[in-house]
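Accompanying notes for the structure given below.
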Amino acid sequence: MKNIAELEAQFQAKVDAEIKIEPKEWMPEKYRKTLIRQISQHAHSEVVGMLPEGNWISRAPSLRRKVALLAKIQDEAGHGLYLYSAAETLGIERDELVQQLLDGTAKYSSIFNYPSLTWADIGAIGWLVDGAAIMNQVMLTRTSYGPYARAMVRICKEESFHQRQGYEILLTLCRGSEEQKAMAQDALNRWWWPSLMMFGPRDADSPHTAQSMKWKIKRKTNDELRQQFVDVTVPQADFLGITVPDPDLKWNEETNHYEFGEINWDEFWNVVKGNGPCNRQRLEARQAAYDKGAWVREAATAFAEKRAAVAV
Amino acid sequence: MRQSLLTYTLSLGDNSMILGQRLGEWCGHGPILEVDMALTNISLDLFGQARSYMQYAAEVEGKDRTEDDMAFLRDAREFRNVLLVEQDNGDFAHTIVRQFFFDAYHQLFLKALCESADERLSAIAQKSLKEVNYHLRFSSEWTIRLGDGTEESHQRMQAAVEALWPYTGELCTSTALDIEMADLGIGVDVAELKAAYDQRIAEVLKEATLTIPESGWQQTGGKEGKHTEQLGFILTELQWMQRAYPGQKW
Ligand SMILES: [Fe+2]
Ligand SMILES: [Fe+2]
């Protein structure tokens, strides 16, 4: 029998050779744990992310927008499903992952702890939040774990559609009345910084990054992805004719990148710790759905067992 | 005749739209993620149908108005949906029973409307029927599963059947407008659907081990614009943006 060091060396050689790791193969326990944590966090984000947008289904301003919003949120539920399935290939059940979300041991993206206050927020979420998610997810289509990479390929196609749809909502507002344009600016003011926070702490404060890069779970650091997002997004704001709420934002001719101001890291850590404007409401909503659904799940199981017994 | 066709078309759109709006309230809150998606799917289909009817209604009216004007700028008394679809979601049992009671009717109605002499209504019916076949399968299966599931699910389902039963009679009660439209070969005399409807309901409820309530009293009025108190609240949310920001494009 091979010893652990040998197995680890073989594993790393495979990763280095860009061969995908598949569920049945040997992998370091820490790799498995890291993936479960990351994929489930991602799945929870898709599901919790349904709430701030779902908030506007009943009030969407036109039938066309309402249908598009419903379809978008339904896509997010589908992303949650693919990702829970990907996590399950690592030997953990969906129900256990959901319990971890509800008891607070698993996280979800902090962005969804901010409230969606106006219709323009639906545009801003699509443009900025899905836009930031795409940066991360495009990278993850090449992640080393096969099922995760394949889930990402499907998801990315839909996310870029969401991003365009959100941008188009804001474009309509910015080409509309003064009142509508002010609504768009207000949404950008409130969603810009939380969107930059989506990429996580600075590289210097991100202790897991080096190992994740070595295992090719991640291929770009938080700061690289954040910079990429700013570079892509600022010209889009210019085209809309609204202003990014950062007085330090400027184009650097030499680096060919935007320079931007310092993120409020106190706010970042506060929201991570549960003190964001909607942390409590989001978890309460998930808990309520879970509790109110308990009798439905029990009944479905009982019925399936009855029918199986009859079939025998 | 044009006024009648307009009102008739709107009434069909109202049924789909109000039920779609109710189902949309479940999005993100369903008991199982897969069920959440299925309810959203049905909601999407219903809004798609509502748009087809309302676009056609706007054309029939001929006053250069749009589907959104039809949906967002009519008051509660002008809505012609049946009372059943505006009833609140309640627990999942109420949502499923409401859906099943409506789907069973909707399928029979659309099958008949496919034969309409009005080409547009016939085309909408043909497209919608495919969707509603799926809705009925979903709601029938869940009615049976929950009726014959656990003690608790059975009780909840029976309670939902009792609560919603009084709103089923209106489905197959023909109004003067129904009869006028049926006589023109455009609409459906829904009273003729009643035997098939009752049979469908009885079959599924029997398999679900649920009982049809004894009391025969039935509420009506929705098809004439006399609604339950719930519709006003639905419209308050549905129409809020268009009312708060008149004349703007979104
Ligand atoms: Fe997503
Ligand atoms: Fe998305």
Side-chain angles (χ1 to χ4, degrees), chain A residues 43 46-67 69-71 73-78 80-81 84 94 98 118-119 123 169 172-173 175-177 179-180 183 285-286 288-304 306-307, chain B residues 17 20-41 43-44 47-48 50-51 54-55 66-68 70-72 91-93 96 142 144-157 234 236-242 244-245 247-250:
Chain A
E46 300 284 356
V47 174
V48 176
M50 296 167 74
L51 298 170
E53 291 184 285
N55 186 17
W56 276 89
I57 292 171
S58 67
R59 293 174 290 171
S62 71
L63 291 177
R64 182 171 81 90
R65 293 292 186 202
K66 192 191 287 279
V67 167
L69 181 59
L70 270 165
I73 301 173
Q74 192 192 31
D75 285 347
E76 307 300 4
L81 276 186
Y84 283 126
R94 196 209 296 187
V98 171
T118 72
W119 173 250
I169 287 175
T172 306
L173 297 185
R175 302 285 178 270
S177 67
E179 206 175 12
Q180 287 175 307
M183 200 186 271
R286 287 317 307 160
Y290 187 80
D291 293 344
K292 286 182 190 158
W295 69 269
V296 178
R297 295 188 298 272
E298 281 160 21
T301 309
F303 179 80
K306 273 189 213 179
R307 290 292 154 121
Chain B
M17 182 170 77
Q21 178 81 355
R22 277 297 191 209
L23 292 175
E25 294 171 22
W26 273 104
C27 186
H29 306 278
I32 306 168
L33 205 44
E34 287 84 344
V35 170
D36 201 305
M37 292 176 73
L39 294 178
T40 305
N41 223 11
S43 176
L44 273 167
F47 275 112
R51 292 184 69 187
M54 294 203 186
Q55 284 160 9
T66 66
E67 58 178 51
D68 287 334
M70 298 296 162
F72 298 106
D91 63 0
F92 186 65
I96 286 297
W142 274 100
I144 293 163
R145 187 175 289 128
L146 295 176
D148 191 18
T150 59
E151 184 70 37
E152 181 183 1
S153 72
H154 178 82
Q155 279 172 15
R156 284 175 181 269
M157 288 296 281
I234 296 176
T236 300
E237 285 194 31
L238 179 83
Q239 300 184 335
W240 178 65
M241 290 289 289
Q242 291 275 346
Y245 304 91
Q248 309 204 357
K249 295 241 173 333
W250 303 95

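Here is how names work: the chains are called A, B, and so on, in the same order as the sequence lines, proteins then strands, and each is numbered from 1.
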Polar side chain donor-acceptor pair, A:S58 to B:E237, under 3.5 angstrom: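 On atom types as modelled, these side chains qualify, holding a pair under 3.5 Å.
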For the residue pair B:Q21 and B:E25, confirm or rule out a side-chain donor-acceptor distance under 3.5 Å.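 On atom types as modelled, these side chains do not qualify, holding no pair under 3.5 Å.
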Pick whichever of [options] has the most heavy-atom pairs under 4.5 Å with chain A.
options: B:L44, B:D36, B:V35; result: B:L44
options: B:H29, B:E152, B:E34; result: B:E34
options: B:W240, B:W26, B:F47, B:W142; result: B:F47
options: B:I234, B:T150, B:I96; result: B:T150

Between [options], which shows the greatest number of heavy-atom pairs under 4.5 Å with chain B?
options: A:F303, A:W119, A:Y84; result: A:F303
options: A:R286, A:R59, A:R175; result: A:R59
options: A:A289, A:G80, A:G293, A:P61; result: A:P61
options: A:L81, A:I73, A:V67; result: A:L81
options: A:E53, A:M183, A:E76; result: A:M183

For a salt bridge (Lys or Arg N to Asp or Glu O under 4.0 Å) check, start with the C-alpha distance between A:E298 and B:R156, then their side-chain angles and the critical distance, and finish with the verdict. CA-CA 13 Å; A:E298 281 160 21; B:R156 284 175 181 269; over 6 Å; no
Closest contact, heavy atoms only, [X] versus [Y]:
X: B:C27; Y: A:I57; result: CB-CD1, 3.5 Å
X: B:G149; Y: A:A302; result: O-CB, 4.0 Å
X: B:M37; Y: A:Q74; result: O-NE2, 3.0 Å
X: B:A71; Y: B:M17; result: CB-SD, 3.6 Å

Please check this pair: side chain of A:Q180 against backbone of A:S177, looking for a donor-acceptor N/O pair closer than 3.5 Å.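 Yes, because the side chain of A:Q180 sits within donor-acceptor range (under 3.5 Å) of the backbone of A:S177.
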Is [X] close to chain B through its backbone or its side chain, or both, or neither, when contacts mean heavy atoms under 4.5 Å?
X: A:A60; answer: backbone
X: A:Y290; answer: neither
X: A:R65; answer: side chain
X: A:E179; answer: side chain
X: A:L51; answer: side chain
X: A:L173; answer: side chain
X: A:R64; answer: both
X: A:K292; answer: neither

Side chain, backbone, both or neither of B:A93 within contact of chain A (heavy atoms, under 4.5 Å):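 Backbone plus side chain of B:A93, per the 4.5 Å heavy-atom cut-off to chain A.
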Structural part of B:I144 lying under 4.5 Å from a heavy atom of chain A: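 Looking at B:I144, backbone and side chain both touch chain A.
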Side chain to side chain contact (heavy atoms under 4.5 Å, CB included) evaluation trace for B:M241 with A:W56: CA-CA 11 Å; B:M241 290 289 289; A:W56 276 89; 4.0 Å; yes
Angle between ring planes, B:Y245 versus B:W250, binned at 30° and 60°: parallel, tilted or perpendicular?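 Because their plane-to-plane angle is over 60°, the rings of B:Y245 and B:W250 count as perpendicular.
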Verdict with supporting geometry, B:L33 and A:V47, side chain to side chain contact (heavy atoms under 4.5 Å, CB included): CA-CA 9 Å; B:L33 205 44; A:V47 174; 3.9 Å; yes
Could you tell me whether the side chain of B:F72 reaches within less than 4.5 Å of the side chain of A:L63, counting heavy atoms only?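 Yes, at least one pair of side-chain atoms sits under 4.5 Å.
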